[in-house]
Amino acid sequence: MQFKLKIEATKFLLLAQEDTDGDKKITIEDKGPKSFILTSITGENHEIKGTYHLANLLQELVLAKQDSDGFGIVSLSKIEEVPVMRISRMIRDYYWNGLTRTMDANGIEALLSDTKNETIENDILTIYVPKHDQLALDYYGKLKETLPLEVVQLPDPITPKYVQSLNTKSGILSLKLSETENEIIGTPFVVPGGRFNEMYGWDSYFEAVGLLQDDRVELAMAMADNFQYEINHYGKILNANRSYYLTRTQPPLYSSLIAEVFEKTHDIAWLKSHLSTAIKEYETVWMEEGKRLTPNGLNRYLAEGIGMPPEAEAGHFHHEIAVHAKLAEMPVNAYQTAYAEGEIKNEMLDQYFVHDRSVRESGHDTSYRIEGVCAHLNLVELNAMLYKYETDFANLIENHFDGKISFSLKTYTASYWKQKAMSRKEKVNTLLWDEAQGIYFDYNFEKQSSHVCYSATALTPLWAKLCSEEQAELLIQKLLPKLKEKGGIVSCNKLSRGEISEDRPQKQWDYPNGWAPHQMMIWKGLEHYGYIAEQQELIYRWLYMITKNAVDYNGTIPEKFDVVAATHKVFAEYGNVGTEFSYITKEGFGWMNASFQYGVSLLQAKYLEPLNNLIPPEDVF
């Protein structure tokens, strides 16, 4: 049934009655009567009841197209749509579009208002262009005639010292442009959302998993094309395409992305091109001795910048710097400024920031699991991901290139990559696997000892098919119960996090928070080893939490959750992106959207009804 009505007048009356806290949303926090009468222009009435349906009405009023007289149509079927179907539809039809960007004339204006941009004068956006991309240099040079841009060509090579010099005038890095017969267009990419208005490394892979679920194959393909551009022009898949990320990569998931895109496209020429680039990344980013490859043959994160990460919010490092400022009898801000400008030399802080930047490269920024020690750790998840690179290369070459493939006069065989994977697996089992506990732990190669933390990342080997059947069984028995909470898998258990205090503040990648990438990899890992009952329960817990929060809070799809309390009200470091909006979220949050779509695709049909009826997990399993 459809209702034609005055859109703005109805919205005004609805908010005046139901939005009692004035935040331009209708949530369970509001104290209105929770009942609103819709009246059409023909005099028909329909009562809309309850927080969820009233919030849906508000959203549909915002989405309704109005005629010249201000009338529009809202559909009762959408207002009363069951929660799972509505959330999934909104992600598919609206949120992906809201998160899609391009680095061309049509898309770049959105970047001008980004809160992270440093301006030189008159709100000018600086675009940094690689040395050997003449198309981009010419294009942006012409574009600055009509937009407030400054275009800077990067040197070759790009050194950490040079990147540090850009911190006072940070800007956006160009991505792939394509020249058609009539115009130059930017290769699209999906951003996480909120203040994250650029293409991020590992976010992009998980977003692509959701895009592929929603048949947005060309967009997922474009994400891989931008990865390829970054490797070829910046030397790595970037933390994100900002100038201060030029020395920093992110978790290696490129082989997974190209393999999953290829499953949809069957484009063998595209696969060969990307396979060549992925192998290049493997060899130059991850396997160069003395950098991210450690003497024991396993890998670490090592972001090669200099000084404090410029993207951190004011005061973020005060808890660390205060110790040194006190010894120097200086105010914290004064000490930090003097250190940043090189007036104070402090080797301990230098080393701390090597680890801090490496934490950010790991994607887990920040966590007590790896703070202050990250660059000394062979992390379980990193080595599982690189094992998957090696097995992906072997499988793709064996299945689609008759067992061997040549790039630049060098030939790679499937057996070569299988041997690489076998060697890594042996090292992981020797150094990272704790047979007594039946759990993987990160390894401190400087101390030559295990770095014990009961972390969700220790389940990543399930996703990579790195475990034996016996190891998988032990992980399910020993580790999963330590991490399972009301809303899914927590980043680490409370014991591993330790006590929180004013001097030891909460970190966002620790207990009690849970994150989409961990859940998605664990679900797939459980499926690999046949633990379907465990997988279904974890998927249900995660989807229940997302669904209930969306129902209670005007469709909110946030960056992360407190999975212990099963709420989006997270109080750690940077807050929770995706929770601040008026009337309707137009984006959700990238990898959270993907986790919902992926989870729904895996959830058995028998669980959909209790999920739509918001039956708590403890009453279902």
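Just the heavy atoms: all of them, side chains too, but no hydrogens, waters or symmetry mates, feed the values below.
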Where do [X] and [Y] come nearest, in terms of heavy atoms and distance?
{"X": "Thr411", "Y": "Ser406", "answer": "OG1-OG, 2.7 Å"}
{"X": "Ser204", "Y": "Met199", "answer": "OG-CG, 3.5 Å"}
{"X": "Leu475", "Y": "Cys467", "answer": "CD1-SG, 3.9 Å"}
{"X": "Met103", "Y": "Tyr140", "answer": "O-OH, 2.5 Å"}
{"X": "Ser491", "Y": "Trp515", "answer": "OG-CD1, 3.3 Å"}
{"X": "Ser455", "Y": "Leu479", "answer": "O-CD2, 3.7 Å"}

Heavy-atom count around Glu218 CD within 6.0 Å, excluding the residue itself: above 12?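 No, CD of Glu218 has 12 or fewer neighbouring heavy atoms, counting only those of other groups under 6.0 Å.
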
State whether the number of non-hydrogen atoms from other residues, nucleotides or ligands found under 6.0 Å of Asp156 atom CG is greater than 12.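 It does: Asp156 CG has more than 12 such atoms within range.
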
Between the main-chain N or O of [Y] and the side-chain N or O of [X], is there a donor-acceptor pair closer than 3.5 Å?
{"X": "Thr294", "Y": "Asn299", "value": "no"}
{"X": "Ser273", "Y": "Ala269", "value": "no"}
{"X": "Asp104", "Y": "Ile185", "value": "no"}
{"X": "Asp356", "Y": "Tyr352", "value": "no"}
{"X": "Gln153", "Y": "Lys131", "value": "yes"}

Side chain to side chain donor-acceptor pair (under 3.5 Å) evaluation trace for Lys280 with Asn232: CA-CA 9 Å; Lys280 174 183 176 181; Asn232 287 336; 3.2 Å; yes

Kindly say whether the aromatic ring centers of [X] and [Y] come within a distance under 6.0 Å.
{"X": "Tyr531", "Y": "Trp523", "result": "no"}
{"X": "His364", "Y": "Trp202", "result": "yes"}
{"X": "His518", "Y": "Trp542", "result": "no"}
{"X": "Phe621", "Y": "Tyr540", "result": "yes"}
{"X": "His355", "Y": "His376", "result": "yes"}
{"X": "Phe441", "Y": "Tyr454", "result": "yes"}

Can you say whether the rings of Phe262 and His266 are parallel (under 30°), tilted (30 to 60°) or perpendicular (over 60°)?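 Geometry flag for His266 against Phe262: perpendicular rings.
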
Within the 3.5 Å criterion, strictly below it, is a donor on [X] or [Y] matched to an acceptor on the partner's side chain?
{"X": "Lys478", "Y": "Gln437", "value": "no"}
{"X": "Thr100", "Y": "Asn97", "value": "no"}
{"X": "Glu281", "Y": "Tyr389", "value": "yes"}
{"X": "Glu198", "Y": "Tyr200", "value": "yes"}
{"X": "Trp96", "Y": "Asp214", "value": "yes"}
{"X": "Asp442", "Y": "Ser450", "value": "no"}
{"X": "Asn429", "Y": "Glu435", "value": "no"}
{"X": "Gln508", "Y": "Thr366", "value": "no"}
{"X": "His233", "Y": "Asp133", "value": "no"}
{"X": "Lys427", "Y": "Ser423", "value": "yes"}
{"X": "Tyr282", "Y": "Glu390", "value": "yes"}

Mind checking what makes side chain to side chain contact (heavy atoms under 4.5 Å, CB included) contact with [X], not counting sequence neighbours?
{"X": "Leu431", "answer": "Asn296, Leu298, Tyr443"}
{"X": "Lys388", "answer": "Ser256, Thr391, Asp392, Trp463, Ala464"}
{"X": "Pro310", "answer": "Asn167, Tyr244"}
{"X": "Ser88", "answer": "Arg92, Phe596, Gln597"}

Could you go through Tyr205 and Glu260, starting from their C-alpha distance and side-chain angles, then the distance that decides it, and tell me whether this counts as side chain to side chain donor-acceptor pair (under 3.5 Å)? CA-CA 10 Å; Tyr205 166 69; Glu260 289 168 41; 2.7 Å; yes

Does some side-chain heavy atom of [Y] sit less than 4.5 Å from a side-chain heavy atom of [X]?
{"X": "Ile489", "Y": "Val563", "result": "no"}
{"X": "Leu377", "Y": "Ile370", "result": "yes"}
{"X": "Val261", "Y": "Thr265", "result": "yes"}
{"X": "Tyr234", "Y": "Asn241", "result": "no"}
{"X": "Val84", "Y": "Leu543", "result": "no"}
{"X": "Leu495", "Y": "Lys482", "result": "no"}
{"X": "Leu396", "Y": "Leu271", "result": "yes"}
{"X": "Pro252", "Y": "Leu386", "result": "yes"}

Could you tell me the separation between the OG atom of Ser496 and the CZ atom of Arg369, rounded to the nearest 0.5 Å?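 With rounding to 0.5 Å, OG (Ser496) is 10.0 Å from CZ (Arg369).
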
Within this structure, what is the CG-CD1 distance for the pair Leu462 and Ile476, rounded to the nearest 0.5 Å?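 Leu462 CG to Ile476 CD1: 5.0 Å, rounded to 0.5 Å.
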
Taking only residues two or more places apart in sequence or in another chain, which ones pass ring-ring contact (aromatic ring centres under 6.0 Å, His included) with Trp270?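 By the ring-ring contact (aromatic ring centres under 6.0 Å, His included) rule, Trp270 matches His274.
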
Can you name the ring-ring contact (aromatic ring centres under 6.0 Å, His included) partners of Tyr95, sequence neighbours left out?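 Result, ring-ring contact (aromatic ring centres under 6.0 Å, His included) vs Tyr95: none returned.
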
Steps toward salt bridge (Lys or Arg N to Asp or Glu O under 4.0 Å) verdict (Glu304, Arg357): CA-CA 8 Å; Glu304 299 174 87; Arg357 289 190 305 274; over 6 Å; no

Applying side chain to side chain donor-acceptor pair (under 3.5 Å), run through Glu230 and Asn226 and close with a yes or a no. CA-CA 6 Å; Glu230 289 186 338; Asn226 277 316; over 6 Å; no

SB check [X] [Y] (cutoff 4.0 Å):
{"X": "Glu311", "Y": "Arg248", "result": "yes"}
{"X": "Arg360", "Y": "Glu371", "result": "no"}
{"X": "Glu398", "Y": "Lys418", "result": "yes"}
{"X": "Lys420", "Y": "Glu283", "result": "no"}

CA sep, side-chain torsions, deciding dist, call: Arg292, Glu288, salt bridge (Lys or Arg N to Asp or Glu O under 4.0 Å): CA-CA 7 Å; Arg292 294 178 180 89; Glu288 186 175 341; over 6 Å; no

